[in-house]
Q: 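Before anything else, here's the structure in question.
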Amino acid sequence: MPALNRRRFLTISAAAGAVGAGAFAGRALQAAPLYRWDGVALGAGASITLAHPDAERIIGRALAEIARLEAVFSLYRKDSALTVLNANGSLANPPFELLECLALCGTIHSASGGLFDPTVQPLWRLYAESFAKGAAPLPEAVAAARALVGWGDVRIGADRIAFARPGMGLTLNGVAQGFIADRVAALLTAEGLTDVLVDTGEMRALGGHPDGGAWPVALDVEGTILPDAVSLREMALASSAPRGTTFDDAGLQGHILNPATGAPSDLPWRLVSVTAPSAALADALSSAFCLMPREAIVATLSAFPSARLVYLG
């Protein structure tokens, strides 16, 4: 099965390709020789952009960190910590990174009134398998999968993570890409670097652009490009496009599922973009906000004064 990653349906481009180069409009790329790595993280396109005489070595260390974290968070590696947890219903001696990420998930679950719920994996798996066969899941199948959803039934301890009921599962697609961006940024900071842009599906800027100023980022709203929509300096940016999905041709209208209904969001949002000091926080909030009306988003943001909604439409 291909990697059906909910977080890679489109969203941000900066300093890359036809769209990203447009975001810089020729003004920033001329000032310093930028080194840009393009590759894959968690099954999706990723990049790291920096200016440094030893860029290749530094990128090599960053790639090793990405690979290490994929062994924790990937849903498509049979040996990852997350896959083993989902397959067995429990995981002994979980990696610290998984525990840290789940702690953030608990915070956002609470702040969002339960709308951010990583235990929707059984629902996501049902939709993926059903639409792969060309049909929507039956209502009774959705109800059965929804009965397996419940953050309160995840038992989290330093020595063991376990599900209270057989058949439960976690997906961290709404937070892991941001978490990895933060970890790569921390590694580069430890190397003494500044003025770096890490993009693992969600962005984390260390400092600003090497030429001066912030990193200008374009947003892609269902094919409409908003150039220089966001300026990033020592900040993270995450976007969710709730209506984008690999299953559109089969009839699925959205890929971010509401844990209360078992259905995709019925709100009109095409793109939700959030900035925060942490890419993991921005990632989780942008995911949750796809399921919220504007008033609820504003109310939730009051609990996270460092985060800001930069696009909703």
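If you read the sequence from its start, that first residue is 1, and numbering goes on from there. All values reported here derive from a predicted model rather than from experimental measurement.
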Q: Can you hop from Ile156 to Val72 via hydrophobic side chains spaced under 4.5 Å?
A: yes
Q: Closest heavy-atom contact between Arg146 and Leu123?
A: N-CD2, 4.0 Å
Q: Taking everything shown except Arg68 itself, do over 12 heavy atoms lie less than 6.0 Å from its CZ?
A: yes
Q: What's the spacing between Thr83 OG1 and Leu75 CG if we round to 0.5 Å?
A: 5.5 Å
Q: Where is the tightest heavy-atom contact between Leu206 and Leu193, given as atom of each residue plus distance?
A: CD1-O, 4.4 Å
Q: Are any non-hydrogen side-chain atoms of Leu291 and Pro259 less than 4.5 angstrom apart?
A: yes
Q: Write out all pairs satisfying side-chain hydrogen bond (donor to acceptor under 3.5 Å, both in side chains) with one or both partners inside residues 148-159, taking only residues at least two apart or from two chains.
A: Asp153-Arg165
Q: In terms of heavy-atom contacts, does CD of Glu140 have more than 12 from other residues, nucleotides or ligands at under 6.0 Å?
A: yes
Q: Would you say Arg204's side chain and Ser278's backbone share a donor-acceptor pair under 3.5 angstrom?
A: no
Q: Is there a donor-acceptor pair closer than 3.5 Å between any side-chain N or O of Ser80 and the backbone N or O of Ser74?
A: yes
Q: What distance do Arg57 atom CZ and Glu191 atom CD have between them, rounded to the nearest 0.5 Å?
A: 4.5 Å
Q: So, do Val272 and Tyr311 sit near enough that their side-chain heavy atoms are less than 4.5 Å apart?
A: no
Q: What pair of heavy atoms forms the shortest contact from Arg183 to Glu65, and how long is it?
A: CB-OE2, 3.9 Å
Q: Is it the case that one hydrophobic cluster holds both Phe116 and Leu99, taking links as side-chain heavy atoms less than 4.5 Å apart, direct or via other members?
A: yes
Q: Under the 3.5 angstrom rule, does the side chain of Tyr127 hit a backbone N or O of Gly262 as a donor-acceptor pair?
A: yes
Q: How close do Leu172 and Cys105 get, heavy atom to heavy atom, and via which atoms?
A: CD2-SG, 3.8 Å
Q: What heavy-atom pair brings Gln177 and Thr200 nearest, and what distance separates the two atoms?
A: O-OG1, 2.6 Å
Q: Are Leu50 and Val198 close enough, and set up right, to give a side-chain contact (heavy atoms from CB on, under 4.5 Å), and what steps lead you there?
A: CA-CA 9 Å; Leu50 70 158; Val198 178; over 6 Å; no
Q: Kindly say whether Gly208 contributes a backbone atom to a donor-acceptor pair with the side chain of Glu234 at under 3.5 angstrom?
A: no
Q: For the CD1 atom of Ile58 and the NE2 atom of His52, what is their distance to the nearest 0.5 Å?
A: 4.0 Å
Q: If we only count heavy atoms from C-beta on, is the Leu82 to Leu91 side-chain gap below 4.5 Å?
A: no
Q: Nearest 0.5 Å please: distance from the OG1 atom of Thr49 over to the CD1 atom of Ile59.
A: 8.0 Å
Q: Using modelled atom types and a 3.5 Å cut-off, is there a donor and acceptor pairing between side-chain atoms of Thr119 and backbone atoms of Gly150?
A: yes
Q: Can any side-chain N or O of Arg233 pair as donor or acceptor with the backbone N or O of Gly213 at less than 3.5 Å?
A: yes
Q: Less than 4.5 Å apart, side chain to side chain, heavy atoms only: is that true for Thr171 and Arg125?
A: no
Q: Provide the full list of side-chain hydrogen bond (donor to acceptor under 3.5 Å, both in side chains) pairs with a residue in residues 294-306, sequence neighbours left out, each pair given once.
A: none
Q: Quick one: closest heavy-atom pair of Ser239 and Leu271, and the distance?
A: CB-CD1, 3.9 Å
Q: Check whether any side-chain N or O of Asp182 sits under 3.5 Å from a backbone N or O of Ala279 as a donor-acceptor pair, and report yes or no.
A: yes
Q: With side chains defined as the heavy atoms from C-beta onward, is the minimum distance between Ser273 and Phe289 less than 4.5 Å?
A: no
Q: Is there a donor-acceptor pair under 3.5 Å between the side chain of Ser240 and the backbone N or O of Pro242?
A: no
Q: With sequence neighbours left out, what residues match Phe73 under ring pair (Phe, Tyr, Trp, His ring centres under 6.0 Å)?
A: Phe179
Q: Just by distance, do the side chain of Ser231 and the backbone of Ala214 share a donor-acceptor pair under 3.5 Å?
A: no
Q: Please report the interatomic distance CD1(Ile108) to CG(Leu281), rounded to the nearest 0.5 Å.
A: 5.0 Å
Q: Leu170 and Leu102: side-chain contact (heavy atoms from CB on, under 4.5 Å), yes or no, with the steps?
A: CA-CA 10 Å; Leu170 289 175; Leu102 292 180; 4.0 Å; yes
Q: Compare all side-chain heavy atoms of Asp79 with those of Val84 and state whether any distance is below 4.5 angstrom.
A: no
Q: Evaluate side-chain contact (heavy atoms from CB on, under 4.5 Å) for Leu42 paired with Glu70, printing each intermediate quantity in order.
A: CA-CA 6 Å; Leu42 287 179; Glu70 283 183 330; 4.0 Å; yes
Q: For the CD1 atom of Ile66 and the CD1 atom of Ile48, what is their distance to the nearest 0.5 Å?
A: 4.5 Å
Q: Apply side-chain contact (heavy atoms from CB on, under 4.5 Å) to the pair Cys101 and Val175, showing each step before the final yes or no.
A: CA-CA 8 Å; Cys101 189; Val175 65; 3.5 Å; yes
